[in-house]
Amino acid sequence: MSGATFISTTIPYVNAKPHLGHALEYVQADAYARHRARQGDDVLFMSGSDENSLKNVLSAERLNISTRELVDTNVVYFERLIEHLDLRVDHFVRTSVDIDHIKGATEFWRRMEKSGDIYSKEYEGLYCVGCEQFYGEAELVEGKCPEHLTVPELVRERNYFFRLSRYQDALLEVIESGALAVWPASRMNEVTSFIRGGLADISISRSIERARGWGIPVPGDPGQVMYVWIDALTNYVNGLGFVRDAEGYHKYWENADRRVHAVGKGVIRFHAVYWPAMLLSARVPLPTDVVVHGYITLSGQKLSKSLGNVVDPAELVQQVGTDAVRYYLLADISPFLDGDFSEERMVSRYNSDLANGLGNLVSRVTSMVTRYRDGIVPEGGAVTEADTALVNQVAASTAEATAAMDRFDGREALARIWDLVRHTNAYIDGRAPWHLAKADDAASQEVLDTTLLHLVGAVRRLGWLISPFLPSASDAILGSLGESLKSVSVAEPWLDGLPGCGIEKAPAIFPRLELPVD
RNA sequence: GGGGCGGUAGCUCAGCCGGUUAGAGCAGGGGACUCAUAAUCCCUGGGUCGCGGGUUCGAGUCCCGCCCGCCCUACCA
């Protein structure tokens, strides 16, 4: 146990601006990264951009600019989205720029070659530029690429091939033994049945002509560049300094407890079959988890540029704020299945859960401590059934949310956290502190003290619990209690250190949003 | 064609190896309260659990067939 966790997003092509699907994967990976970090792991969260793609070359040609110019321009939108969504990305790989990546991909290729897994042969196939992938006739729909609905081009040239076929048994073994877990289980079934169906060797290079001279050269053959997926997959180790045998590589990959890839359902095969096989060939440890999310539809329709229904996540953040977007993506969209986006639903969940639920709870608690005890958290008195029930809910929500996150299920985690939000609100009404405050007998005052202490404890715990999902709100809540995340531990008794603390009436953490009227 | 995953209250979903009157959140209806972001709390859910058979003392929960949606995979004519 090294206590280290590696988590990555896929690296998108930067031939266009990011859409909501990118945002989904980003926040899912970010929540997991923050979760593990909070559990005490040393976490490295990596993202990046896939720039060596023919798709980028063609987009640039259409715009009449250089490929370099295109990727340099577009990558900024992704970096900006990462900021807008408040992601704690530790390292961002640019595959056409980073020297570690370019050298690393080359070294990776050499290792596969050394294992005897690379050979060249004449090949002819139907290639979809949009997918950067060869298709068999049978996979086409009316002769067109099923993803892009364009006619693939017939390509014939000498290419290098990877002996994927050799790794069929080994891959089944790592997946079935659980060494490489694919989430959810249904996706794992897909992968194993695909492998059982037989693995053919795959083309891993293309002529420099077809690539328009863009891409990472194949070592020892200036006429060929690497197939974009081959260099792209190696970004995960290259971003850690694989080629330099860097300390980061040893720590966050080779010796890490968890090596996690968050991916979309469209690229499972690359991450759960090709990439592990490449790693086996290069004799590098495999990922431990591949977590597969679905796609986001918009009012039931697939996001597509031609339909003009692409939602710009950056714009969305500007309209409703980072918390609303993060919360919606994490709490409402299934982590594993396709989800539907609707602005109305996003606003509705924000208002009911964040503004009316948690936000209002923080307001009323801080307000009562300020009003009834001059902002000083009191010592508690005798504990009764209602207090114990609250304590139990704190423990249950904490345990359940933590366990859910270890299953990559942020939606479930948030649901269990909100059990505590509701329970705490109900606890307040059950105690009616405003009545206790008016009663001047000692007994009532003691109950009030106990109640306020427990409330502050619950709010503190909630602030801690939401930190992977809503980091800035978490800071705000803990800040209003004079706490920072670092000073709060799950291990310590949950009311420790609270009596005597000075707190202030918190400003609205989640101001209500108005539904867009149109 | 083969395989997989879904089809549960208006909406989004829970329901593990079959077992008392099928659940949650939101929305809707009624009531209470005032600390709070007109927020909160309490009460309120007669849903053919896609359809039809079957196994069982008993089935959303297992078996068979069918319908619908999505996905993976392959082409037998």
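Lettering follows sequence order; numbering is per chain, from 1. Values below: every heavy atom of this structure, side chains too, minus hydrogens, waters and symmetry copies.
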Using whole Å, report how far [atom1] of [X] lies from [atom2] of [N].
| X | N | atom1 | atom2 | answer |
| --- | --- | --- | --- | --- |
| A:Leu354 | B:U37 | CG | P | 17 Å |
| A:Leu462 | B:A36 | CG | C1' | 16 Å |
| A:His293 | B:C70 | NE2 | C1' | 16 Å |
| A:Glu412 | B:C13 | CD | P | 14 Å |

Non-hydrogen atoms of A:Leu316 and A:Phe341 that approach each other most closely: CD2-CZ, 3.6 Å
For the ring pair A:Trp183 and A:Tyr32, is the centre-to-centre distance below 6.0 Å? no
Extract the stems that RNA chain B is part of, considering only consecutive pairing runs of at least three Watson-Crick or G-U wobble pairs, both distances under 3.5 Å. B:1-7 with B:67-73, B:10-13 with B:23-26, B:28-32 with B:40-44, B:50-54 with B:62-66
Span that lies between the P atom of B:C66 and that of B:G30, in whole angstrom: 49 Å
For B:C16 and B:C5, measure between their P atoms and round to the nearest Å. 14 Å
List in numerical order all residues of residues 363-374 of chain A for which some heavy atom is under 4.0 Å away from an atom belonging to RNA chain B. A:Ser363, A:Arg364, A:Ser367, A:Met368, A:Arg371, A:Tyr372
Strictly below 4.0 Å, heavy-atom distances to any atom of RNA chain B: list the hits from residues 187-202 of chain A, or just say none. A:Arg187, A:Glu190, A:Phe194
Base, sugar-phosphate or nothing for [X]? Non-hydrogen atoms, less than 4.0 Å.
| X | answer |
| --- | --- |
| A:Ala426 | sugar-phosphate |
| A:Arg422 | sugar-phosphate |
| A:His423 | nothing |
| A:Ile509 | base |
| A:Asn360 | base |

Side-chain N or O of A:Lys505 less than 4.0 angstrom from OP1 or OP2 on B:U37? yes
Please compare A:Val421 and A:Ser186 by the position of their nearest nucleotide in RNA chain B and report the one closer to 5'. A:Ser186
Salt-bridge test for A:Asp449 and A:Arg373: reply yes if a basic N is under 4.0 Å from a carboxylate O, no otherwise. yes
